[in-house]
Amino acid sequence: MKGRLLTLLKVLVSVLLIVILFQRVDFGEVWATLSGANLGLVSLAMLIYGGAVASNAVKWGVLLKAQGVHAPLSSLLRHTFVGVFFNNFLPFLGGDVVRGYGLVRETANTASVAISVLVDRIVGLLVFASAGTLAALLAVQVSDANDAALVALAQAGLVVTVGLGVAFALMLSGRMRRLAERVVGFIPLLRPILPLVVKLSTAVGAYRRQPRALFVAYCVGMATIGLSNVVNWLLFEAIRTDVSLLHVSIFNPIVGLTMALPISIAGLGVNQSVYPWLYGLVDVAAAPAVAASLLMQLTIAVTSIPGGLLWAAGRQRVTPIAPTAQPSDS
């Protein structure tokens, strides 16, 4: 009952945001923009987005290997695409739960898989924050004018990136975690979250002696967001709207984070509201911004179809993967 209520609320949020958007944007102009889209560029964008999803599977594989789980790439690709498919219907972590559960059924290694999924998500957040921040800082440096909006985004992104980095470092370091626990203990408002922090730190601590795996996963994640940036840029090119790849590289990570909020169905409505606001900062009109957001929504949906087909085909078939030894702490 609770799950159905949450789904209904998300549908209502999507519908409400779209109704508000209808009042602010000329959808006749949006449709005209979409009708003239270059289908070749849209198809290329979808192909590259599929590559970005595959890149995420590679990143996950790096983190799994560090925990001693040597799953074949074909299996990781299958579960990653299935997770993308379920992200269309479930909240932010829903797809992660589905892909993790699928791999657990094959490996029977619940703890290591669950930890790898958690750390994969944390690394992904760091990638989103740092990639957008670096692009904003670069834009501020190369801009002829002192753009207050870009400066504010760069500053906010820097704060978020440093905050996430410090939090992750605290969770990795047992000594720093204990110090943080003492500090939190003196702050009554933070005491209720202390058990959750301890659990997260204990889980993430499994990678304390795996800095190389974390670095490689981060680098793969940066390559993934780079592919996603190119996808967004191609979609703007497809509707003949001039947006620089640098500006896309600033806004795309922000859009990704907002779409991940579990308040709507697959980010529908949220996505279409954020695009005009962000790209309006660089003088992109509302109609083409909404058109690009709809093309991105379509790209995600089409790319997720293979995941749905793989899930349907594999419901009755599970191929076990031989258990592997856990990594040594030495």
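These numbers come from the heavy atoms of this one structure, side chains and all, not from hydrogens, waters or symmetry mates.
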| From CD1 (I254) to CG (L278), nearest 0.5 Å | 5.0 Å
| request: Give the C-alpha distance, both sets of side-chain angles, the deciding distance and a yes or no for ring pair (Phe, Tyr, Trp, His ring centres under 6.0 Å) between F81 and W311. | output: CA-CA 9 Å; F81 273 95; W311 174 76; over 10 Å; no
| Has the side chain of W60 got a donor or acceptor atom that lies under 3.5 Å from a matching backbone atom of D120? | no
| Derivation of the side chain to side chain contact (heavy atoms under 4.5 Å, CB included) call for L34 and L295 | CA-CA 8 Å; L34 289 172; L295 285 176; 3.7 Å; yes
| field | N109 backbone acceptor or donor facing S112 side chain under 3.5 Å | value | no
| query | When you measure from the side chain of S228 to the backbone N and O of I225, does any donor-acceptor pair fall under 3.5 Å? | reply | no
| field | Under 3.5 Å: donor-acceptor pair, side chain of T161, backbone of A129 | value | yes
| task | Kindly indicate, with the supporting measurements, whether the criterion side chain to side chain contact (heavy atoms under 4.5 Å, CB included) is fulfilled by T107 and L64. | result | CA-CA 11 Å; T107 64; L64 282 165; over 6 Å; no
| Does S304 reach the main-chain N or O of F85 with its side chain, forming a donor-acceptor pair under 3.5 Å? | no
| field | Stepwise side chain to side chain contact (heavy atoms under 4.5 Å, CB included) check, V231 with N252 | value | CA-CA 10 Å; V231 168; N252 182 44; over 6 Å; no
| said: For the backbone of L126 and the side chain of S130, can you confirm whether one donor and one acceptor N or O come within less than 3.5 Å of each other? | reply: yes
| How about Y101: does its OH atom have over 12 heavy atoms from other parts shown lying under 6.0 Å from it? | no
| query | Do Y275 and N232 have side-chain N/O donor and acceptor atoms under 3.5 Å apart? | reply | yes
| said: Working note: M46 + L234, criterion side chain to side chain contact (heavy atoms under 4.5 Å, CB included); need CA distance, chi angles, decisive distance, verdict. | reply: CA-CA 10 Å; M46 290 180 177; L234 283 173; over 6 Å; no
| said: Whether the side chain of R240 engages the backbone of G36 through a donor-acceptor N/O pair (distance < 3.5 Å, no angle test) should be reported. | reply: yes
| task | With the side chain counted from C-beta on, respond yes when I239 and N38 share a heavy-atom pair under 4.5 Å apart, and no when they do not. | result | no
| Is it the case that one hydrophobic cluster holds both L77 and I305, taking links as side-chain heavy atoms less than 4.5 Å apart, direct or via other members? | no
| Step by step, would you call Q297 with Q272 a side chain to side chain donor-acceptor pair (under 3.5 Å)? | CA-CA 9 Å; Q297 200 93 37; Q272 285 66 50; 3.1 Å; yes
| said: ring pair (Phe, Tyr, Trp, His ring centres under 6.0 Å) for F236 and Y279? Distances and angles first, verdict last. | reply: CA-CA 11 Å; F236 275 107; Y279 287 96; 4.6 Å; yes
| request: Would you name the heavy atoms of P288 and T241 that are closest together and state the gap between them? | output: CB-OG1, 3.4 Å
| query | Would a distance-only check, ignoring hydrogens and angles, find a side-chain to backbone donor-acceptor pair under 3.5 Å from S116 to V113? | reply | yes
| Do N229 and P253 touch side chain to side chain, with heavy atoms closer than 4.5 Å? | yes
| query | Considering only heavy atoms from C-beta outward, does the side chain of V30 approach that of V25 to under 4.5 Å? | reply | yes
| message | Looking at every heavy atom in both Y207 and L63, which two are closest together, and how far apart are they? | response | OH-O, 2.6 Å
